[in-house]
Chemist: 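First the structure, then my questions, so here it is.
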Amino acid sequence: MIKFLLLGYSLFAFSMARSTHIDSTKIKNPSIAWKLSLIPGLGQIYNEKYVKSGLFISAGTYAFLKRNEFSKFGKIGKRNTFTWWLFGLYVWGMLDAYVDAHLS
């Protein structure tokens, strides 16, 4: 019984794998996505991930504004925390755009 289930599953898997078609116009270049990500959000826009782009831009803007707010009041610890968050978001955005382009 198990042999027939495995055979049926294998045939189904092979039939589904053969029917996939890759549209070459949708493939993105990872080096372009990485270079565009030097400006936060542009790499995600290049990969047509508009919601993700908006999230990266808004999170980066929030971290930048909070960093400046704490800098004005002399709260150096909080300022440094938001500076690291800003740096982390920046690097994460570049890596995310690069990986998304590879996965296209």
Side-chain angles (χ1 to χ4, degrees):
M1 178 70 175
I2 293 177
K3 290 180 183 179
F4 292 114
L5 286 174
L6 287 175
L7 179 64
Y9 176 74
S10 299
L11 290 175
F12 176 74
F14 284 124
S15 68
M16 294 305 289
R18 292 182 65 208
S19 65
T20 57
H21 174 70
I22 297 174
D23 186 7
S24 64
T25 61
K26 298 286 184 181
I27 295 174
K28 304 294 181 185
N29 187 348
S31 66
I32 292 175
W34 177 82
K35 290 172 187 171
L36 285 174
S37 290
L38 293 173
I39 299 172
L42 281 184
Q44 283 78 16
I45 291 173
Y46 172 74
N47 290 331
E48 299 173 1
K49 308 281 183 174
Y50 303 112
V51 173
K52 215 186 267 190
S53 172
L55 289 173
F56 275 113
I57 291 170
S58 62
T61 303
Y62 175 77
F64 182 75
L65 292 176
K66 290 301 269 187
R67 179 199 171 280
N68 287 345
E69 178 184 320
F70 287 124
S71 182
K72 286 180 189 175
F73 296 121
K75 296 182 178 179
I76 295 173
K78 293 278 189 178
R79 181 202 67 189
N80 291 346
T81 301
F82 278 98
T83 301
W84 280 109
W85 274 104
L86 189 60
F87 176 74
L89 283 169
Y90 185 72
V91 171
W92 184 19
M94 288 194 310
L95 290 174
D96 182 66
Y98 184 79
V99 170
D100 274 348
H102 262 294
L103 294 176
S104 71

Chemist: Can you pull the salt bridge (Lys or Arg N to Asp or Glu O under 4.0 Å) pairs that have at least one residue in residues 37-49, sequence neighbours excluded?
Modeler: K28-E48
Chemist: Work out which heavy atom in S37 is nearest to a heavy atom in Y90; give both atom names and the distance.
Modeler: O-CE1, 4.1 Å
Chemist: List in chain and number order the residues that pass side-chain contact (heavy atoms from CB on, under 4.5 Å) with N68, two or more places apart in sequence or in another chain; answer none if no residue qualifies.
Modeler: F64
Chemist: Which pairs with one or both residues in residues 87-99 pass salt bridge (Lys or Arg N to Asp or Glu O under 4.0 Å), sequence neighbours excluded?
Modeler: K52-D96
Chemist: Looking only at heavy atoms, what is the nearest atom pair of Q44 and G93, with distance?
Modeler: NE2-O, 3.0 Å
Chemist: Mind checking what makes side-chain contact (heavy atoms from CB on, under 4.5 Å) contact with I39, not counting sequence neighbours?
Modeler: L42
Chemist: Extract all donor-acceptor atom pairs below 3.5 Å that involve side chains of residues 73-87 and protein atoms in other chains or at least two apart in sequence.
Modeler:
| unit_1 | atom_1 | unit_2 | atom_2 | d |
| --- | --- | --- | --- | --- |
| N80 | ND2 | I76 | O | 3.4 |
| T81 | OG1 | G77 | O | 2.9 |
| T83 | OG1 | R67 | NE | 3.0 |
| T83 | OG1 | R79 | O | 2.8 |

Chemist: List, by chain and number, the other hydrophobic cluster members for V99, where Ile, Leu, Val, Met, Phe, Trp and Tyr join if side-chain heavy atoms come within less than 4.5 Å, directly or indirectly.
Modeler: L103
Chemist: With sequence neighbours left out, what residues match L95 under side-chain contact (heavy atoms from CB on, under 4.5 Å)?
Modeler: V91
Chemist: Under the ring pair (Phe, Tyr, Trp, His ring centres under 6.0 Å) test, which residues partner Y98, sequence neighbours left out?
Modeler: H102
Chemist: Looking at every heavy atom in both A33 and A101, which two are closest together, and how far apart are they?
Modeler: CB-CB, 3.8 Å
Chemist: When Ile, Leu, Val, Met, Phe, Trp and Tyr are grouped by side-chain heavy atoms lying under 4.5 Å apart, directly or through other members, which residues fall in the same group as L55?
Modeler: V51
Chemist: How would you list, by chain and number, every residue that makes a side-chain contact (heavy atoms from CB on, under 4.5 Å) with T61, sequence neighbours excluded?
Modeler: I57, L65
Chemist: Report yes or no: do I27 and Y46 belong to one cluster of Ile/Leu/Val/Met/Phe/Trp/Tyr joined by side chain heavy-atom distances under 4.5 Å?
Modeler: no
Chemist: Test of understanding: with salt bridge (Lys or Arg N to Asp or Glu O under 4.0 Å), list the residues that count as partners of K66, not counting sequence neighbours.
Modeler: E69
Chemist: Starting from F56, walk the hydrophobic network (Ile, Leu, Val, Met, Phe, Trp, Tyr; side-chain heavy atoms closer than 4.5 Å) and list everyone else you reach, by chain and number.
Modeler: L89, W92
